[in-house]
**Student:** 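One structure coming up, written as structure tokens, with questions to follow.
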Amino acid sequence: MHTSRRTLLAATAGAAAAVAAGGTSAQAGDTATTQHEGDKRLRALVSRMTLEEKVGQLFVMRVYGHSATEPDQADIDANLAEIGVRTAAELIAKYRVGGIIYFGWAHNTREPHQIADLSNGIQRASLARPRGLPVLISTDQEHGIVARVGTPATLFPGAMALGAGGSRTDARTAGRIGGTELRAMGILQDYAPVADVNVNPANPVIGVRSFGADPEAVAGLVAAQVKGYQGAGVAATSKHFPGHGDTETDSHYGFPVIEHTEAQWAELDAPPFRAAVAAGIDSIMTAHIMVPALDPAGDPATLSRPILTGILRERLGYDGVVVTDSLGMQGVRTKYGDDRVPVLALKAGVDQLLNPPELDVAWNAVLAAVRGGELTEARLDESILRILRLKAKLGLLKDPYVTDRGVDRAVGIPAHLKAADRIAERTTTLLVNSGGLLPLSRRTHRKVLVVGADPASPSGTTGPPTAVLAAALTELGFTATALSTGTAPSAATVAKAVAAAQDVDAVLVGTYNVTAASSQRTLVEQLLATGRPVVALAIRNPYDVAHLPGVKAYLASYSWTDVELRAAVRVLAGRAGPRGRLPVPVQRADDPARVLYPVGHGLTY
């Protein structure tokens, strides 16, 4: 143990012992007394903080770089431009932030040992400050189409795939293993699971990030994931309260309005959040959406006291940490300036202010609001106590550091990778199989052409999908070649694919969010016209199948990370049976009022 760390942690050791998970100093007695004792010690920590330190504790900020003290020059330049500091260590010294969020594009998540080193560097920088406290490091590791940490860490199927699998055990296992790996790298707050119920097929921002369209099914899987993550010592975060499932606007770029009545909200949106609260969720993330039935003031939920205090705190009885969605998103910036947003969020009942576009503006606005009497210091103390309780529960006050050995023992180990493969197999959904084309036999259809969309890897470490599918087929004894045709193939690209199809026994097409106007339809129709058997795999939204009625065999994988694609290939080759069931209804393309495939649809061999 570093000497400086020993000294710095001495003041907090008592609090940690009383409230840390697995702490032994609490006598087997009344939990409330233990909680009270722990709070007393945490309150003592709060009382020693300066006002500036208190304000900092409320913020969770991005920072560029793979290292806390020696990032690349390009990252130093980006930090100077956006935050006015050079490194994570300087960010902490200047603003005393309570949390840091990792992103792939900020170069925080190159590989597991580097992530662990970055986490340790951040903790060292914070604990070296006067009255230094450990930092709560977070990320968006939902798995599926949103993953900030990539291979060699284990990547699991995303929420809608788990919804198709329908197994709470699998959902919990994915959370437990995913949480174990995050914890080994020093990431102790995960912005997952998504608790939104995706009742709108046109939803541009949630979609396959949701477990499905049935509120009760979603609630069960959310609770299972909460228990999985938190059982592994990572704070789970259900999002986006009060429910982002029925929007046609992406709140990153606009201000969505949810027209549900209060009764509809209670029936459709509330159950997964109630289940998360009942499961003991550590944090809940707000949504930058307007719900007039819950608050007629026209404010985003993130800034709504009736929604965050009235409904979440008082009606649902939630007393954990409330974190905003990113304050850089358009949905929260439409009505108020960047200086008003953090103040109004705190007044609404928020605890953690996530990723403001300009930290200087936001931090000084909160400071000024306290000095000017708009916010009381007691209001800040209330949020800081919740944040410190969470840090104590996660063991951060006891020992915030991770080790290389811990990384090697937990991250991407064979048992975890095997579990991900098995879970993925149980999620692949067979939507269409007319004429018994599947499973594909390598005796009759040995030569396969793989074409389709190659969207960028969610984590930057998997894919491209056509190459992964071709390699997986080859591994199973087929002769497969890949030809990337993209999400909007040109006439020349379509012609190239059609020419290549003349020399093979079957074609596998990866489709990606097909619409009525999509040239992916032209590609598939012209491939069908060759007379070659065409198998399609929806690599994101399962709704694609409605736009391609001529396809005789259609599967859904719900995401395009390698684990889902390889599982889909094992299913189409008959090495695994299709077991997934649609967790959302698929409407007809020509008549969206009618259902083509209902919830629960899924064929078997």
Side-chain angles (χ1 to χ4, degrees), residues 143-144 147 150-158 161 164-165 174 177 412-430 433 436-485 497 500-501 503-512 527 532-540 553-580 604-605:
H143 295 273
T151 56
T154 307
L155 292 169
F156 281 91
I177 293 175
I413 59 172
H416 289 179
L417 297 170
K418 190 176 176 187
D421 282 336
R422 295 290 83 82
I423 288 172
E425 263 173 23
R426 295 191 275 270
T427 67
T428 306
T429 309
L430 181 59
N433 192 22
L437 176 56
L438 297 183
L440 217 54
S441 161
R442 61 176 187 219
R443 283 189 300 279
T444 53
H445 299 97
R446 179 177 289 275
K447 286 181 77 176
V448 183
L449 171 68
V450 181
V451 301
D454 276 332
S457 163
S459 63
T461 60
T462 63
T466 53
V468 172
L469 293 167
L473 282 163
T474 301
E475 233 172 83
L476 296 182
F478 293 85
T479 306
T481 49
L483 173 63
S484 179
T485 49
D503 300 327
V504 298
D505 304 314
V507 182
L508 172 60
V509 189
T511 66
Y512 183 92
L527 286 168
R532 295 286 182 275
V534 174
V535 180
L537 171 66
I539 63 172
R540 183 167 176 168
Y554 220 126
L555 300 123
S557 66
Y558 308 97
S559 178
W560 61 96
T561 48
D562 297 2
V563 68
E564 285 130 317
L565 298 178
R566 288 195 309 259
V569 166
R570 290 196 295 278
V571 168
L572 78 83
R575 298 298 176 93
R579 291 172 57 178
T604 52
Y605 299 147

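Side chains are part of it too, since the values below use all heavy atoms of this structure and drop only hydrogens, waters and symmetry mates.
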**Student:** Is any side-chain heavy atom of Pro465 closer than 4.5 Å to a side-chain heavy atom of Pro455?
**Tutor:**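 Yes, at least one pair of side-chain atoms sits under 4.5 Å.
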
**Student:** Among residues at least two apart in sequence or on other chains, which ones pass side-chain hydrogen bond (donor to acceptor under 3.5 Å, both in side chains) with Thr561?
**Tutor:** Glu564

**Student:** Any side-chain to backbone donor/acceptor pair from Arg532 onto Val504? Under 3.5 Å, distance only.
**Tutor:** yes

**Student:** Over all heavy atoms of both residues, which pair between Thr511 and Ala536 is shortest? Give the atoms and the distance, please.
**Tutor:** CG2-CB, 4.4 Å

**Student:** Going by side-chain contact (heavy atoms from CB on, under 4.5 Å), name the residues that satisfy it together with Ala470, two or more places apart in sequence or in a different chain.
**Tutor:**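 Partners of Ala470 by the side-chain contact (heavy atoms from CB on, under 4.5 Å) criterion, ordered by chain and then number, come out as Val450, Ala480, Ala482.
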
**Student:** Do Thr428 and Tyr558 meet the criterion of a side-chain donor-acceptor pair at a distance under 3.5 Å?
**Tutor:**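 No.
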
**Student:** Tell me every residue that passes side-chain contact (heavy atoms from CB on, under 4.5 Å) with Arg579, counting only those two or more places apart in sequence or in another chain.
**Tutor:**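 Residues passing side-chain contact (heavy atoms from CB on, under 4.5 Å) with Arg579: Arg426.
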
**Student:** Taking atom CZ of Arg422 and atom CG of Leu417, what is their separation to the nearest 0.5 Å?
**Tutor:**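 Here the interatomic distance stands at 11.5 Å.
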
**Student:** I'd like to check the side-chain hydrogen bond (donor to acceptor under 3.5 Å, both in side chains) partners of Arg446; sequence neighbours left out, ordered by chain and number.
**Tutor:**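 For Arg446, no residue satisfies side-chain hydrogen bond (donor to acceptor under 3.5 Å, both in side chains) once neighbours in sequence are set aside.
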
**Student:** Does any N or O in the side chain of Ser441 come within less than 3.5 Å of the main-chain N or O of Pro439, such that one atom is a donor and the other an acceptor?
**Tutor:** no

**Student:** Can you see which heavy atom on Asp505 is nearest to which on Thr444, and at what distance?
**Tutor:**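 The pair with the smallest heavy-atom distance is CB-O, 3.9 Å.
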
**Student:** Before you tell me yes or no, could you show the steps for Leu430 and Thr604 under side-chain contact (heavy atoms from CB on, under 4.5 Å), namely the whole-Å CA-CA distance, both residues' side-chain angles and the distance that decides it to 0.1 Å?
**Tutor:** CA-CA 7 Å; Leu430 181 59; Thr604 52; over 6 Å; no

**Student:** Is Ser559 close to Arg540 at the side-chain level, that is, under 4.5 Å between some pair of heavy atoms?
**Tutor:** no

**Student:** Do you know the tightest heavy-atom contact between Leu476 and Ala573?
**Tutor:** CD1-CB, 3.7 Å

**Student:** Who are the side-chain contact (heavy atoms from CB on, under 4.5 Å) partners of Ala424, not counting sequence neighbours?
**Tutor:** Pro157, Val563, Ala567

**Student:** Can you tell which of Leu449, Leu537, Leu555 makes a side chain to side chain contact (heavy atoms under 4.5 Å, CB included) with Leu508?
**Tutor:** Leu537

**Student:** Can you run down the side-chain hydrogen bond (donor to acceptor under 3.5 Å, both in side chains) pairs that involve residues 464-482, sequence neighbours left out, and say none if there aren't any?
**Tutor:**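 Listed once each, the pairs are Asp454-Thr466.
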
**Student:** Using 4.0 Å as the upper bound for N to carboxylate O, is an ion pair formed by Lys447 and Asp503?
**Tutor:**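 Salt bridge absent between Asp503 and Lys447.
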
**Student:** If every non-hydrogen atom of Thr154 is compared with every non-hydrogen atom of His416, which pair is closest and at what distance?
**Tutor:** OG1-CB, 3.3 Å

**Student:** Say you draw a straight line from CZ of Arg570 to CG of Leu565; how long is it, rounded to the nearest 0.5 Å?
**Tutor:** 11.0 Å

**Student:** Can you check whether Ser557 reaches Ile539 side chain to side chain, under 4.5 Å on heavy atoms?
**Tutor:** yes

**Student:** Can you tell me how far apart CG (Leu438) and CG (Leu572) are? Round to the nearest 0.5 Å.
**Tutor:** 6.0 Å

**Student:** Quick check: does any side chain N or O of Trp560 sit under 3.5 Å from a backbone N or O of Ala456, one acting as donor and the other as acceptor?
**Tutor:** yes

**Student:** Is there a donor-acceptor contact under 3.5 Å from the side chain of His143 to the main chain of Phe156?
**Tutor:** yes

**Student:** Given 3.5 Å as the limit, does a donor-acceptor pair link the side chain of Asp421 with the main chain of Glu425, or not?
**Tutor:** no

**Student:** Can you tell me how far apart CG (Asn433) and OH (Tyr605) are? Round to the nearest 0.5 Å.
**Tutor:**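 Reported value, rounded in 0.5 Å steps: 6.0 Å.
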
**Student:** Are Val451 and Val507 packed together at the side-chain level, in the sense that at least one heavy-atom pair is separated by less than 4.5 angstrom?
**Tutor:**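 Touching, per the 4.5 Å side-chain cut-off.
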
**Student:** Looking at every non-hydrogen atom in both residues, tell me the closest pair between Ala501 and Leu527 and how far apart they are.
**Tutor:**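 Distance-wise, the nearest heavy atoms are CB-CD2, 3.8 Å.
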
**Student:** Is a side-chain N or O of Thr461 found less than 3.5 angstrom from the main chain of Thr151, in a donor-acceptor match?
**Tutor:** yes

**Student:** Check Gly477 against Arg442 and note the closest heavy-atom contact, atom names and distance.
**Tutor:**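 In terms of heavy atoms, the two residues are closest at O-CD, 3.8 Å.
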
